There are 2 protein chains.
Amino acid sequence: MQVFWARGYDSASTRDLLEAMKISRSSLYQAFGNKEQLFLEALRRYRGNLIDRLNHRLEASPSALGFLRELFVETAQESGSERAALGCLIFNSASELGQRGDIAAIEARRSVQAITALFHEAVVRSQAEGDIASDRDALALATYLTLGMAGLRTLLKSGAAPAQTEAAAELLLDTLR
Amino acid sequence: MQVFWARGYDSASTRDLLEAMKISRSSLYQAFGNKEQLFLEALRRYRGNLIDRLNHRLEASPSALGFLRELFVETAQESGSERAALGCLIFNSASELGQRGDIAAIEARRSVQAITALFHEAVVRSQAEGDIASDRDALALATYLTLGMAGLRTLLKSGAAPAQTEAAAELLLDTLR
DNA sequence: ACATATATGGACCGATCGATCCATATATAA
DNA sequence: TTATATATGGATCGATCGGTCCATATATGT
């Protein structure tokens, strides 16, 4: 997962993967079949971890809007760090694989949708909590937040200064109010 | 340029490039030195074309805010098209090359900054035209717009429906008012 | 026309790609 | 202990990678 995260799907060589997993070539192909299957498992694990963690944070948060605010501000604050340079495996994969027809690309798109679904849940809860007007289109807001996180990740990858990424994140959040 | 645009830097093979340019291997290396140099020329040409075209549109537009609105709405409307699947070479490259230290990555980051600079110009003009409050941070708004375009491009690549991308673009633009 | 410089085609290079194969090592079941 | 099934290391495969080389073709200057 970490190898695909750092290097991307195509550029991650099987030799990189073997070294990181500390197994031999036979074991990789015996256990996963091929590189694509291994990628699918890595992406699904990443997505599972991410969605679970965010769901947990959302449930534990007294305010769904506060959860969203913290998420975007914290991400913006990653500016300049090694973590920022990695980006998000889901958005990385969506960008690299794009509209390809194979299973890997389809799974990447599905993962973006999973992020939108989580944002949708947060928006609906925020509406129930009175922080977002109930007459606003929750799905449109969720898509907007996905767009915002994807854009923020690209900004971080392109080395934007912390002051700029944080200001941009604040502007993003203003739309919810 | 089109090959790097469609396939990315690493995945674009020299053989792909030769075929698209209808030249032989010797000519490529004689004219450009190596693959990286060719990529740099392609990226700079893309950036030059893009910035020139946008600058023209901005200058020709009676309203800088109208220019921004048209740009984002038109881009959102690309949803589902082949053009949408290609994305933008600049954001594609920024995402793929990330924080690498080589010249290609540096040039990709520089290109993102060029987009932000153009947005900055549009925001400042909008402020002069009274469409955006003068006390707002023009650089922050410009960064926000770059984030927005990058995010929109990622949404388009991940196959979001037209209704969703257009609604998200509208929400993006609301922030300027 | 002739000499010189540049551009081009295509064979070729070592390195690396994802993937396969087989002999051996290890785990499991009786 | 013995028979069977699974896991592993390492050599090896054909294909492809970016890049080099040289003979030939074309352009240029006189």
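We name chains A, B, ... by the order of the sequence lines, and we start the count at 1 in each one. The structure displayed is predicted, hence computed values, not measured ones.
C:dG9 atom P lies 12 Å from atom CG of B:Leu28, rounded to whole Å. Between the NZ atom of B:Lys35 and the P atom of D:dG18 there is a distance of 4 Å, rounded to whole Å. Regarding A:Gln37, its CD atom lies at a distance of 14 Å from the C1' atom of C:dG18, rounded to whole Å. Distance, B:Tyr29 OH to C:dC12 C1': 14 Å, rounded to whole Å. Computed from coordinates, the A:Arg25 CZ to C:dC17 C1' distance equals 9 Å when rounded to whole Å. Distance, A:Gln30 CD to D:dA7 C1': 6 Å, rounded to whole Å. A straight line from CZ of B:Phe32 to P of C:dT6 spans 18 Å, rounded to a whole angstrom. Look at CZ on A:Phe39: it is 14 Å from P on C:dG18, rounded to the nearest Å.
Residues A:Asn92 and A:Ser95 have side chains that never bring a donor and an acceptor to within less than 3.5 angstrom of each other.
No cation-pi contact links A:Lys35 to A:Phe4, judged by a cut-off of 6.0 Å to the six-membered ring centre and 45° from its axis.
At a non-hydrogen distance threshold of 4.0 Å, nothing from residues 6-22 of chain B comes into contact with DNA chain C.
Of the possible polar contacts, none joining the B:Tyr144 side chain to the A:Glu170 backbone as a donor-acceptor pair under 3.5 Å is found. Formation of a donor-acceptor pair under 3.5 Å by the B:Thr165 side chain with backbone atoms of B:Ala160 is not found in this model.
Comment: A:Lys157 does not engage B:Glu96 in a salt bridge, judged by the lack of any side-chain N to carboxylate O separation of less than 4.0 angstrom.
For the OP1/OP2 pair of C:dA7 and a distance below 4.0 Å, the side-chain nitrogens and oxygens of B:Ser27 include no atom meeting the criterion. Under 4.0 angstrom from either OP1 or OP2 of D:dG9 there lies at least one side-chain N or O belonging to A:Ser24.
For A:Ser26, the side chain to side chain contact (heavy atoms under 4.5 Å, CB included) partners two or more places apart in sequence, or in a different chain, are A:Ser24.
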